[in-house]
Amino acid sequence: MPFLSAADEQAVRQEFAKLKGPVKITVFASELGGENNQQTVTLVREVAALSDQISVQVLNPLIEREQAQAYGVDVTPALAVEGAADYGIRFLGLPAGYEFANLIDSIIVASTGEPALSAATRDALDGLGADVTIKVFTTPT
C-alpha cells in the first residue's frame with residue numbers, strides 16, 4: 001500500500017521543482033529489523049520516483065558493515081541524504097508524519113547545497129569555534 005496520496009505526490013513534485021542537482025539517498029535497512037525497515041524503503045522509493053534527480057541505494061548494515069560505519073549508522077532504519085557532498089544529513093527511523101516535511105526539505109537542501117538560513121543565523125554559525133553535531137529527537141504523535 002502506498003504512503004503518498006495523489007495530492008501528496010503533486011505537492012512533493014512542486015517542491016522538487018526547486019532541485020538544482022542530483023541527490024542520493026542511502027537507506028540502511030535489514031529484513032531482520034522489523035516493519036519500520038520495509039516501510040522506510042517503500043516510502044523513500046515512492047519519494048524518489050517523483051524526480052529523476054533522486055537515486056536510492058538500499059544497503060543492509062549487517063552485510064555492508066563498512067558503508068554503515070562510514071556513514072556513522074549503527075541502527076536501522078537509517079537514511080543518508082547527499083547532494084554534491086555529504087552534508088551529514090541523517091534520519092534514524094521512519095521519516096513519516098511531521099518528519100516527512102523535513103525529509104523533503106533535506107532533499108532540496110542537499111540538491112542546492114544551500115540551507116535556507118537567514119544572514120544572522122549564518123553569521124552566528126560562522127562564529128562557532130569548532131564543528132558541532134546537532135541531533136534532533138522526535139516522538140510519534
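Numbering of residues begins at 1 and proceeds along the displayed sequence.
Counting only residues at least two apart or on different chains, no ring-ring contact (aromatic ring centres under 6.0 Å, His included) pair has a member in residues 36-65. Contacts classified as side-chain hydrogen bond (donor to acceptor under 3.5 Å, both in side chains) and involving residues 103-117 (residues at least two apart or in different chains) are given here: Glu114-Arg122. For residues 45-68, no residue pair satisfies the side-chain hydrogen bond (donor to acceptor under 3.5 Å, both in side chains) rule, not counting sequence neighbours.
Side-chain contact between Pro95 and Thr40 is present, with heavy atoms from C-beta onward closer than 4.5 Å. Side-chain contact between Leu79 and Phe28: absent, with no pair of heavy atoms (C-beta onward) separated by less than 4.5 Å. Within the 4.5 Å cutoff, the side chain of Val47 has heavy atoms near those of the Ile107 side chain.
Judged as a salt bridge (charged side-chain N to carboxylate O under 4.0 Å, His left out), and not counting sequence neighbours, the contacts of Glu82 are Lys24. The ring pair (Phe, Tyr, Trp, His ring centres under 6.0 Å) test applied to Phe100 returns no partner, not counting sequence neighbours.
No donor-acceptor contact under 3.5 angstrom links the side chains of Ser30 and Asn37, judged on distance only.
Side chain of Thr42 to backbone of Gln38: a donor-acceptor contact under 3.5 angstrom is found. For Arg90 (side chain) and Val81 (main-chain N/O), no donor-acceptor pair under 3.5 Å exists by modelled atom type. A donor-acceptor pair is defined here as one N or O able to donate and one able to accept, closer than 3.5 Å; no such pair exists between the side chain of Asp123 and the backbone of Ala120.
With hydrophobic clusters built from ILVMFWY side chains whose heavy atoms lie under 4.5 angstrom apart, Val23 shares a cluster with Val41. Val109 and Phe16 sit in two unconnected hydrophobic clusters of ILVMFWY residues. Membership requires side-chain heavy atoms under 4.5 Å apart, directly or through other members. Note: the hydrophobic cluster containing Val27 does not contain Tyr71 (ILVMFWY, side chain heavy atoms under 4.5 Å, direct or indirect links). Follow the hydrophobic side-chain contacts under 4.5 Å out from Leu43 and you reach Ile89 in the same cluster. Tracing side-chain contacts under 4.5 Å through hydrophobic residues (I, L, V, M, F, W, Y), one reaches Leu4 starting from Leu103; they form part of the same cluster.
Note: Leu50 CG to Leu19 CG = 10.5 Å, rounded to the nearest 0.5 Å. Rounding to the nearest 0.5 Å gives a distance of 7.0 Å between CG of Leu62 and OG1 of Thr76.
In terms of heavy-atom proximity, Val132 sits nearest to Leu128 at CG2-CD1, 3.9 Å. Across every non-hydrogen atom of Tyr87 and Ala110, the tightest pair is CE1-O, 3.7 Å.
Applying the under-4.5 Å side-chain rule to Ile, Leu, Val, Met, Phe, Trp and Tyr, the cluster around Val75 extends to Leu92.
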